[in-house]
Amino acid sequence: MDNAEIMEKSSIDVENIRADFPVLSKQIGGKPFIYLDNGATTQKPQAVIDRVSQFDSEEYGTVRRGSYRLCERSTQLYEEARQKVADFLGAPTKQEIVFTSGTTQSINLVAHSFGRKFVNAGDEVIISNIEHHANTVPWQVLCEEKGAKLKVIPVNDDGELIMEEYDRLLTDKTRIVAVNHVSNVLGTINPVKEITVKAHKAGAKVLIDGAQSMPHMKVDVQDIGCDFYTFSGHKMYAPSGIGGMFGRMEVMETMSPYVTGGDMILQVTLEKTIFAKPPARFEAGTPPITQVIGLGAAIDYLNAIGMDKIFEYEKSLLDYGTRLLQGIDGLRIIGNAADKAAILSIYLESAHPHDIITMLDQDGIALRGGHHCAQPTMIRFGVPATARASMAFYNKFEELDALAESLRKIIKFFS
């Protein structure tokens, strides 16, 4: 099936969608702009841009700090956005959604507020060999401070977790298992429900890094069963500086605040402070109000398209791109999991990834080159870095054709 036939069968009108994203009409050096760095950050649709502008121009006020109309309106919109996130994740209540600056802060919140209270000397924390540094370093630091042991789930040559090894790593000393839903380097979709069930049987809690999954597939935290699920708005067509986490209420109620200050208390005297219940307990200070409104608008946009349709279309992009690149001599795709999201990590023996992305930029093609904040993954696969093409529902098959052609030129140049 060629790309025209795939497009005809697709339930997504890509050309109409692309018209919603102003930046996609740009030209770079006289060539059409091809944006394939969605794993790092996504572009914003006009609907999000307009909603943020309208809010800042006409509705902006601080939240939960006044009874005048503008404040009440801002508070209403802020809490409506929290409800949108809860619905998007399948959370039982909006009170189980905490707003943070993004996935990194969310993971650090859990490592601090849960980890420093419940992980002690001799205890164990489990991560995988294909985590982003944001889900490696906080647990390393915690284990070093507490005298706990950090265990790592290995992966096979296709980039899939070796679940038999995970079974062996779990013990009655395991306090938390923290893994990504989708690898930001390999695109591997991990069996997070199975991971969660097994961890809970061992008495451990589970955190899922959803930065690369929440924008691309339907997520149901109740079905997964995890205790924490973290995400970043800038990877799901929303403004930067906003994200958050789902936290199971009965777990969050046992945790102390990560940051203290205003608006996260019930009462303060000079002798003692009584903290508010979650989520307020973990949202000290004036929140990123405008960014939260933008996040809500981005969720509205995604819902209007449909997450199942998005996943299906991006899977067709992945399949098409994989076939194209596998046919290029001198090119290696790092990560070939059977269950995979729309990420292609490319390694050329003849050229460093930094040279690759510089030359691709001359053709108007934007990829990321480097270790992608996942150096242990690079070590596992024996490469210093990769060039990563990460796709979104506004990408076209023709853009992958252009990528393949540019890569052929690069290989020829360095040969």
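Keep in mind that what you see is a predicted model, and the values were worked out from it rather than measured.
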For the CD1 atom of Ile126 and the OG1 atom of Thr171, what is their distance to the nearest 0.5 Å? 7.0 Å

What I'd like to find out is whether the side chain of Glu283 reaches to under 4.5 Å of the side chain of Asp263, using heavy atoms alone. no

Just wondering, are more than 12 heavy atoms of other shown residues or ligands nearer than 6.0 Å to NZ in Lys146? yes

Test salt bridge (charged side-chain N to carboxylate O under 4.0 Å, His left out) on Lys84 and Glu80; report intermediate values, then the result. CA-CA 6 Å; Lys84 290 176 183 179; Glu80 284 177 359; 5.6 Å; no

Are the side chains of Tyr229 and Val192 in contact, using a 4.5 Å heavy-atom criterion? no

Hey, which of Lys151, Lys173, Arg175 is the one that makes salt bridge (charged side-chain N to carboxylate O under 4.0 Å, His left out) with Glu124? Lys151

Taking all atoms of both residues into account, what is the closest heavy-atom pair of Ala148 and Val119, and its distance? CB-CG1, 3.7 Å

Using the salt bridge (charged side-chain N to carboxylate O under 4.0 Å, His left out) rule, take Lys340 and Glu160 through it: C-alpha gap first, then chi angles, then the decisive distance, then the call. CA-CA 9 Å; Lys340 182 175 174 179; Glu160 300 163 326; over 6 Å; no

Thr188 side chain to Asn190 main-chain N or O, any donor-acceptor pair under 3.5 Å? no

Close side-chain approach of Thr100 to Tyr258, heavy-atom, < 4.5 Å: no

Between Ser113 and Pro257 the two heavy atoms that sit nearest each other are OG-C, 3.6 Å

Side chains of Glu314 and Asn395: closer than 4.5 Å at any heavy-atom pair? no

Between Glu164 and Arg168 (salt bridge meaning N to carboxylate O under 4.0 Å), is one present in this structure? no

Taking the side chain as C-beta and beyond, is there a heavy-atom pair between Gln222 and Pro92 under 4.5 Å? yes

List for me each residue that meets salt bridge (charged side-chain N to carboxylate O under 4.0 Å, His left out) alongside Lys193, sequence neighbours excluded, and say none if there are none. Asp223

Would Tyr237 and Phe393 count as a close aromatic pair, with their ring centres under 6.0 Å? yes

With the side chain counted from C-beta on, respond yes when Val152 and Ile127 share a heavy-atom pair under 4.5 Å apart, and no when they do not. yes

Is the shortest side-chain heavy-atom distance between Ile176 and Val110 below 4.5 Å? yes

Minimum heavy-atom separation for His216 and Ile310, please, with both atom names. O-CG2, 4.1 Å

Rounding to 0.5 Å, atoms CD1 (Ile195) and CD1 (Ile208) come to a distance of 6.0 Å

Taking distance alone, no hydrogens or angles, what donor-acceptor pairs closer than 3.5 Å link side-chain atoms of residues 248-256 to residues at least two apart or in another chain?
| unit_1 | atom_1 | unit_2 | atom_2 | d |
| --- | --- | --- | --- | --- |
| Arg248 | NH2 | Gly225 | O | 3.1 |
| Arg248 | NH2 | Cys226 | O | 2.6 |
| Thr254 | OG1 | Val251 | O | 2.6 |

One should read off an interatomic distance between Leu318 CG and Arg323 CZ, to the nearest 0.5 angstrom, of 9.5 Å

Separation of Leu89 CG from Glu96 CD (nearest 0.5 Å): 11.0 Å

Determine yes or no for a side-chain-to-main-chain donor-acceptor pair under 3.5 angstrom, with Arg388 supplying the side chain and Asn184 the backbone. yes

Given the side-chain rings of Phe21 and Tyr35, with only the six-membered ring counted for Trp, is the space between their centroids under 6.0 Å? no

Under 3.5 Å, which donor-acceptor pairs do the side chains of residues 404-414 form with other protein atoms, sequence neighbours left out?
| unit_1 | atom_1 | unit_2 | atom_2 | d |
| --- | --- | --- | --- | --- |
| Ser406 | OG | Asp363 | OD2 | 2.7 |
| Ser406 | OG | Ala402 | O | 3.2 |
| Lys409 | NZ | Asp363 | OD2 | 3.3 |

So, for His371 and His133, is the gap between ring centers shorter than 6.0 Å? yes

Starting at CG of Asp87, measure out to CG of Asn303 and round the result to the nearest 0.5 Å. 8.5 Å

Apply salt bridge (charged side-chain N to carboxylate O under 4.0 Å, His left out) to residues Lys315 and Glu312 and explain how you reach the verdict. CA-CA 5 Å; Lys315 181 65 165 61; Glu312 177 188 0; over 6 Å; no

Please report the C-alpha distance between Thr230 and Ser106 in whole Å, then the side-chain angles of each, then the deciding distance to 0.1 Å, and finally whether the side-chain hydrogen bond (donor to acceptor under 3.5 Å, both in side chains) criterion is met. CA-CA 6 Å; Thr230 65; Ser106 297; 5.6 Å; no

For the NZ atom on Lys117, are there more than 12 heavy atoms of other groups (residues, nucleotides or ligands in this structure) within a distance under 6.0 Å? yes

Kindly check if the number of other-residue, nucleotide or ligand heavy atoms within 6.0 Å of NZ (Lys149) is above 12? no

Taking Asn38 for its side chain and Ser390 for its backbone only, find out whether a donor-acceptor pair lies under 3.5 Å. yes

side-chain contact (heavy atoms from CB on, under 4.5 Å) for Gln326 and Asn336? Distances and angles first, verdict last. CA-CA 11 Å; Gln326 283 177 338; Asn336 294 284; 4.2 Å; yes

Strictly distance-based, threshold 3.5 Å: is any side-chain N or O of Ser316 a donor or acceptor partner for the main-chain N or O of Tyr313? yes

In the structure I gave you, are the side-chain heavy atoms of Asp401 and Tyr320 within less than 4.5 Å of one another anywhere? yes

